[in-house]
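Chain identifiers are assigned alphabetically (A, B, ...) following the order of the sequence lines, protein sequences preceding nucleic acid strands; residue numbering begins at 1 within each chain. Quantities reported herein were computed from a predicted structural model and do not represent experimental measurements.
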Number of protein chains: 2
Amino acid sequence: MRRRTEPPGLTLAERKRQLVRDELGDAALRLLARQGFEETTVDQLAAAAGVSRRTFFRYFASKEDVVISFVSVVGEELVAELEARPAAEPPAVAIREAVKAVTVEHFAENREKSVALIRHTLRIPALRARFAERRDLLRDDVAAALARRCDLAEPTPRLHFAAGLGLLAFDVAIQHWAEVDGHADAAVIIDEAFAEAGKAFAL
Amino acid sequence: MRRRTEPPGLTLAERKRQLVRDELGDAALRLLARQGFEETTVDQLAAAAGVSRRTFFRYFASKEDVVISFVSVVGEELVAELEARPAAEPPAVAIREAVKAVTVEHFAENREKSVALIRHTLRIPALRARFAERRDLLRDDVAAALARRCDLAEPTPRLHFAAGLGLLAFDVAIQHWAEVDGHADAAVIIDEAFAEAGKAFAL
DNA sequence: CCTTGCATGACACTCAGTGTCAACTGCGGC
DNA sequence: GCCGCAGTTGACACTGAGTGTCATGCAAGG
């Protein structure tokens with residue numbers, strides 16, 4: 001691998017790579033928003049960023065990946081946020097606060113773009129499938145993060161449920177937020193969703 | 001499982017169609033179990049059932065569909081079961097009992113085949129994605145069914161959470177059941193999962 | 001007997017995704 | 001400077017999923 005010059009920052013090559021990836025992602029989202037997902041070919045996405053089709057696939061594993069990768073960034077930050085919460089906090093609170101933090105940071109601060117992205121994802125079956133898959137995998141990661149907080153090697157079933165519930169609340173909240181065009185306080189919506197979720201089984 | 005109640009009002013053509021579909025499904029599952037999902041082409045699936053590639057796609061929308069269609073049958077029955085529960089029952093109980101009923105009926109009675117199917121689905125990314133998508137859509141259906149039970153036109157957010165929680169418990173339970181090769185009482189596993197789920201947010 | 005409707009197979013086509021190879025790019029060592 | 005090295009890229013070819021179209025065959029019903 002890279003054992004040569006590893007300066008505190010990133011290699012030139014690495015930064016270049018990130019630049020291409022960003023450009024590819026931006027161009028793709030712009031084009032997809034205008035043309036629709038299914039109506040746009042990978043050739044067009046590649047051309048929009050000025051690279052070859054083959055290069056596109058060197059940066060994104062699939063056409064869906066361009067859209068979904070934005071989602072998985074949020075997932076990674078959710079786990080990071082969760083690990084940064086004080087260890088004394090009960091799991092349910094930790095998840096809620098972590099979800100709130102990433103929501104405000106990622107969605108509320110990019111209202112228009114996020115709303116378009118969420119809508120697109122929910123409407124296109126292929127994207128919805130990939131999104132659901134990511135969330136599924138994320139549940140395992142979140143459960144694992146919760147287990148680490150409790151000094152456990154393996155997450156208990158209950159932690160799996162806590163993770164699932166948290167993501168469910170996240171999901172419902174985000175969907176609701178997108179439905180009102182993002183014209184609502186994201187933090188409040190998250191809090192309400194978690195409050196509702198807590199009551200759902202007391203029915 | 002595939003002995004379906006056939007109302008006497010079915011055309012010959014319709015029964016023939018069902019026959020072809022069953023044959024296609026059975027042959028596909030056999031072949032996929034032996035060769036693996038990604039290693040098997042649609043041509044092979046079609047040939048195994050003695051039809052053309054084109055005909056395969058007239059019965060299943062995609063390669064994933066052959067596997068997932070078995071799952072969606074379970075989903076439909078879950079909704080039906082839910083609607084058959086007494087209206088006085090609280091939502092949480094109704095879901096639990098409906099889930100228990102379909103689990104026992106569909107999985108426990110076809111242990112070996114079901115375990116193989118679940119394992120396959122969880123291991124293959126493409127299948128996992130489609131499965132997650134189906135479950136997502138099913139959540140809406142279950143929420144709608146719950147709403148109908150309460151004489152509501154639209155499901156409340158809380159009913160959405162109840163549906164999500166129920167399916168989450170279903171999911172965790174089935175996964176666990178498959179992990180122990182189906183050597184466990186499905187009804188008990190479901191009950192335990194729901195009990196755990198109820199406590200998850202009391203942490 | 002004929003016709004109408006349906007299922008099928010054959011064929012062609014688009015497009016996603018992958019493997020391979022040759023050309024080009026800095027970038028450090030000699 | 002020159003060389004080699006590692007990484008990026010584009011060109012090309014190939015597999016395989018999924019779709020549109022059309023001609024054929026076949027059963028039912030007049």
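Qualifying side chain to side chain donor-acceptor pair (under 3.5 Å) partners for Thr40(A), counting only residues two or more places apart in sequence or in other chains: Gln35(A). With sequence neighbours excluded, the residues forming a side-chain contact (heavy atoms from CB on, under 4.5 Å) with Arg53(A) are Val42(A), Asp43(A), Phe57(A), listed by chain and number. Contacts of Phe56(B) classified as ring-ring contact (aromatic ring centres under 6.0 Å, His included), with partners at least two apart in sequence or in another chain: Phe60(B). Residues passing the side-chain contact (heavy atoms from CB on, under 4.5 Å) test with Glu196(A), sequence neighbours excluded: Lys199(A), Arg158(B), Phe161(B). With sequence neighbours left out, Ala145(B) forms a side-chain contact (heavy atoms from CB on, under 4.5 Å) with Val79(B), Leu82(B), Glu83(B), Arg148(B).
Screening residues 163-182 of chain B for ring-ring contact (aromatic ring centres under 6.0 Å, His included), with sequence neighbours left out, gives no hits. Residue pairs meeting the ring-ring contact (aromatic ring centres under 6.0 Å, His included) criterion with at least one member in residues 107-145 of chain B, sequence neighbours excluded, do not occur. Within the structure, every pair that satisfies the side chain to side chain donor-acceptor pair (under 3.5 Å) test and touches residues 101-112 of chain A, not counting sequence neighbours, is listed here: Glu77(A)-His106(A).
For the atom pair Arg96(A) CZ and Arg85(A) CZ, the distance stands at 9.0 Å (nearest 0.5 Å).
Computed from coordinates, the Glu23(A) CD to dT9(D) P distance equals 13 Å when rounded to whole Å. One interatomic measurement links the two molecules: NZ of Lys63(B) to P of dG18(D), which rounds to 8 Å at whole-angstrom precision. To the nearest angstrom, P of dT9(D) lies 7 Å from CZ of Arg17(A).
With hydrogens and angles left out, the side-chain atoms of Ser52(B) and Thr55(B) include a donor and acceptor closer than 3.5 Å.
Mapping Glu64(B) and Lys16(B) onto DNA chain D by nearest heavy atom places Glu64(B) at the nucleotide closer to the 5' end.
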Let me have the donor-acceptor pairs involving side chains of residues 181-190 of chain A, under 3.5 Å, with sequence neighbours excluded, atom names and distances please.
unit_1, atom_1, unit_2, atom_2, d
Asp181(A), OD1, Arg119(A), NH2, 2.5
Asp185(A), OD1, Ala187(A), N, 2.9

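Taking the C1' atoms of five terminal pairs at each end of the helix from dC1(C)-dG30(D) to dC30(C)-dG1(D), the two resulting helix axes are inclined by 10°, rounded to 10°.
Residues from residues 24-46 of chain A that place a heavy atom under 4.0 Å from any atom of DNA chain C, listed by number: Thr40(A), Thr41(A), Val42(A). Sorted by residue number, the members of residues 51-58 of chain A with any non-hydrogen atom under 4.0 Å from DNA chain C read Arg53(A), Arg54(A), Phe57(A), Arg58(A).
The phosphate of dA7(C) has neither OP1 nor OP2 within less than 4.0 Å of any side-chain N or O from Tyr59(B).
Heavy atoms of Phe60(A) sit nowhere under 4.0 angstrom from any nucleic acid atom.
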